[in-house]
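In each ligand, atom 1 is the first atom listed, and ligand 1 is the first ligand listed. Excluded from the calculations below are hydrogen atoms, water molecules and symmetry mates; all remaining heavy atoms, backbone and side chain alike, are included.
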Amino acid sequence: MNDYKNPYIIEFPKIGDESIGYISVTEFNNNQLPFEIKRVYWTYNTAEFILRGRHAHYNTEQILIAINGKILVTTELANSEIKVFTLDKPNIGLYIPPHVWHTMQYSVDAVQLVLASTHYDENDYIRSYNEFKRIYSK
Ligand code: TYD
């Protein structure tokens, strides 16, 4: 159980300056992404009282980026360790490995971009918290 990976913050390059604005970028093979991207999706117009996520994945690795606004991400590892991350800069991402229960809360103006390592597959989700605890208590 101890060899599961931890979530961590990734700082993407921020090219430009105040007068012209910025570009942030990433590419596979630049040693920054821990996986090759297979899917990109984005989440927006989520009210502040809504908690999204509330699941873990068996295989999927993801990077969450607050392109606009603020996202509070709570992660719970298989060993029950809980961490809270604040994403509020468009050049900052949060890597979420497999086997990590995660929930997200968004500011009204938040736009979340997600880079994922797999194609969408509902069978890769663990959607029940009790099931998550049961699987990783073994
Ligand atoms: P879900 O991953 O549960 O969203 P969140 O974690 O943000 O609450 O997905 C919500 C719905 O969208 C669910 O019915 C599945 C669908 N969906 C896709 O069809 N493809 C995708 O790539 C994703 C991420 C979700």
Arg54: partners by salt bridge (Lys or Arg N to Asp or Glu O under 4.0 Å), with sequence neighbours left out: none

I'd like a table of the close N/O pairs between ligand 1 and the protein (anything under 3.5 Å), one pair per line with both atom names and the distance.
unit_1	atom_1	unit_2	atom_2	d
ligand 1	2 (O)	Tyr125	OH	2.6
ligand 1	3 (O)	Arg127	NH1	2.8
ligand 1	3 (O)	Arg127	NH2	3.0
ligand 1	6 (O)	Gly53	N	3.3
ligand 1	7 (O)	Arg52	NE	3.0
ligand 1	7 (O)	Arg52	NH2	3.3
ligand 1	8 (O)	Arg52	NE	3.2
ligand 1	8 (O)	Gly53	N	3.2
ligand 1	22 (O)	Arg39	NH1	2.6

Ile23 atom CD1, neighbour heavy-atom count above 12 within 6.0 Å: no

Aromatic plane relationship, Tyr125 with His55 - under 30° parallel, 30 to 60° tilted, over 60° perpendicular: perpendicular

Side chain to side chain contact (heavy atoms under 4.5 Å, CB included) partners of Gln105, counting only residues at least two apart: Leu51, Leu72

Qualifying residues under ring-ring contact (aromatic ring centres under 6.0 Å, His included), relative to Tyr8, sequence neighbours excluded: Tyr95

Plane angle bin for Tyr4 and Tyr136 - parallel if under 30°, tilted between 30 and 60°, otherwise perpendicular: perpendicular

